[in-house]
There are 2 protein chains.
Amino acid sequence: MNAEQLSTWLSAIASPQRMRILSQIVSEPLHVSELARRVQMSRPLLYMHLTKLEEAGFVAGHHELTPDGKALKLFHALPFSSTIDLATLSAAVAATDAHNTRQPDESE
Amino acid sequence: MNAEQLSTWLSAIASPQRMRILSQIVSEPLHVSELARRVQMSRPLLYMHLTKLEEAGFVAGHHELTPDGKALKLFHALPFSSTIDLATLSAAVAATDAHNTRQPDESE
DNA sequence: TTCACCTGTAATAAAGTTATTACAGGTAAG
DNA sequence: CTTACCTGTAATAACTTTATTACAGGTGAA
């Protein structure tokens with residue numbers, strides 16, 4: 001994990017709004033409209049936040065049909081745990097530096 | 001720790017630039033101008049980043065006089081370690097909710 | 001005095017994030 | 001057909017963060 005990736009990961013949860021969203025779908029998955037009502041947020045805005053959370057791997061969404069045939073998009077939180085300290089950050093910076101110093105033909 | 005405080009803390013390190021700054025002053029303290037040269041950043045910009053890091057408790061700065069009498073401002077990284085997971089985030093959101101639901105006369 | 005360092009901040013520009021509004025389109029029930 | 005739900009996106013406004021430029025002022029050495 002390089003500095004940019006770690007930054008993307010941390011930025012995704014470093015938002016009170018996204019923390020609230022996440023905490024709502026820890027125990028039970030919810031569909032977008034219902035989730036929007038619970039966190040009192042417009043759907044377009046919620047989509048933006050969910051997209052960031054999904055890209056960083058904190059949530060996953062999947063379509064589901066209700067018994068009566070309505071299509072819902074359900075989201076649920078994915079479990080994770082990570083320890084952050086100076087060593088973690090330094091390692092990420094080192095990974096970035098190594099990448100940028102690398103010769104053109106060197107592989108990932 | 002409520003959601004806003006956790007957000008401030010995470011946001012402070014969720015930046016590749018600030019990770020680079022931090023990793024430079026882990027082993028040895030450096031004065032502002034020298035640090036600016038190492039991370040290739042203008043001093044005013046570096047000050048802005050250092051202020052954020054200091055407010056979040058990741059670095060500390062102190063003035064020091066060189067043997068020949070020049071005043072330098074040295075910064076060094078403060079050690080820390082924190083585990084981030086769904087429980088941490090949910091607890092922060094709960095702390096915020098508790099605060100907002102509280103009666104006017106309730107204490108901190 | 002001039003040069004080469006250093007600290008510190010104010011004003012502003014540039015870029016990125018967050019939030020809103022307004023759409024288009026779907027299903028099922030009354 | 002209208003009402004009441006749902007998904008999804010495009011355009012844009014409002015705001016925050018990041019970065020630059022331009023100052024003012026200090027010390028010590030040549």
Side-chain angles (χ1 to χ4, degrees), chain A residues 3-22 24-25 29-56 58-76 96, chain B residues 3-22 24-25 29-56 58-76 96:
Chain A
E4 301 244 319
Q5 295 170 322
L6 180 55
S7 170
T8 300
W9 191 84
L10 288 169
S11 298
I13 38 171
S15 150
Q17 299 284 250
R18 289 192 284 272
M19 289 181 198
R20 282 173 55 218
I21 292 168
L22 261 179
Q24 284 288 333
I25 53 179
L30 293 176
H31 68 262
V32 181
S33 292
E34 174 60 21
L35 183 51
R37 279 190 293 269
R38 299 232 189 152
V39 297
Q40 301 193 82
M41 190 179 287
S42 68
R43 265 187 324 108
L45 180 54
L46 178 55
Y47 265 97
M48 185 275 282
H49 285 303
L50 284 172
T51 301
K52 288 207 172 173
L53 287 170
E54 193 166 32
E55 282 170 356
F58 291 106
V59 304
H62 59 278
H63 286 276
E64 205 166 287
L65 287 166
T66 57
D68 56 336
K70 283 181 181 168
L72 299 182
K73 185 157 189 186
L74 293 172
F75 273 93
H76 64 276
T96 300
Chain B
E4 301 245 319
Q5 295 170 322
L6 180 55
S7 170
T8 299
W9 191 84
L10 288 169
S11 298
I13 38 171
S15 148
Q17 299 286 249
R18 289 192 284 272
M19 289 181 198
R20 282 172 56 219
I21 292 168
L22 261 179
Q24 283 287 333
I25 52 179
L30 293 176
H31 68 262
V32 181
S33 292
E34 174 59 21
L35 182 51
R37 280 191 293 270
R38 300 232 189 152
V39 298
Q40 299 194 78
M41 190 180 285
S42 69
R43 264 188 323 110
L45 180 53
L46 178 56
Y47 265 96
M48 185 275 283
H49 285 302
L50 284 173
T51 301
K52 288 207 171 173
L53 287 170
E54 194 166 31
E55 282 170 355
F58 290 106
V59 305
H62 59 277
H63 287 276
E64 206 167 287
L65 286 167
T66 57
D68 57 336
K70 282 180 181 166
L72 299 182
K73 185 159 190 186
L74 292 172
F75 274 94
H76 64 276
T96 299

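So you know, we letter chains A, B, ... as the sequences are listed, proteins then strands, and number each from 1.
The side-chain heavy atoms of L72(A) and L65(A), taken from C-beta on, include no pair separated by under 4.5 Å.
For the segment residues 8-21 of chain B, the set of residues with a heavy atom within less than 4.0 Å of an atom of DNA chain D comprises Q17(B), R18(B), in numerical order. Residues from residues 39-49 of chain B placing a heavy atom under 4.0 Å of any atom in DNA chain D, listed by number, are S42(B), P44(B), L45(B), M48(B), H49(B).
Once rounded to the nearest 0.5 Å, the distance linking CG of L6(B) with CD1 of I13(A) reads 7.5 Å. Between the CD atom of E55(B) and the CG atom of L50(B) there is a distance of 11.0 Å, given to the nearest 0.5 Å. To the nearest 0.5 Å, atoms CG (L46(B)) and CD (Q17(B)) are separated by 10.0 Å. From E4(A), atom CD reaches atom CE of M19(B) across 9.0 Å, with rounding to the nearest 0.5 Å. Between L45(A) atom CG and M41(A) atom CE the span is 5.0 Å, to the nearest 0.5 Å. Note: L30(B) CG to H76(B) NE2 = 12.0 Å, rounded to the nearest 0.5 Å.
For residues 63-72 of chain B, the set of pairs meeting the salt bridge (Lys or Arg N to Asp or Glu O under 4.0 Å) definition, not counting sequence neighbours, is empty. The stretch residues 29-47 of chain A participates, sequence neighbours left out, in these salt bridge (Lys or Arg N to Asp or Glu O under 4.0 Å) pairs: E28(A)-R38(A), E34(A)-R37(A), E34(A)-R38(A).
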### Query
How is the base pairing of DNA chain D summarised as a dot-bracket string, given the Watson-Crick and G-U wobble criteria with both distances under 3.5 Å, [ ] for crossing and | for another strand?
||||||||||||||||||||||||||||||
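In this structure, the side chain of R18(B) does not engage the main chain of H49(B) through any donor-acceptor pair within 3.5 Å. For T51(B) (side chain) and Y47(B) (main-chain N/O), a donor-acceptor pair under 3.5 Å exists by modelled atom type. When atom types are taken as modelled, the side chain of R20(A) and the backbone of S15(A) share no donor-acceptor pair closer than 3.5 angstrom.
K70(B) comes within contact range of at least one nucleobase, with a heavy-atom separation under 4.0 Å.
Place H31(B) and D68(A) on DNA chain C by their nearest nucleotides, and H31(B) ends up nearer the 5' end.
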### Task
Before giving the answer on side-chain contact (heavy atoms from CB on, under 4.5 Å), spell out for H31(B) and K73(B) the whole-Å C-alpha distance, their side-chain angles and the decisive distance to 0.1 Å.
CA-CA 5 Å; H31(B) 68 262; K73(B) 185 159 190 186; 5.7 Å; no
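Protein chain A contacts DNA chain C over a range whose 5' and 3' limits, counting nucleotides with an atom under 4.0 angstrom from a non-hydrogen atom, are dT17(C) to dA28(C).
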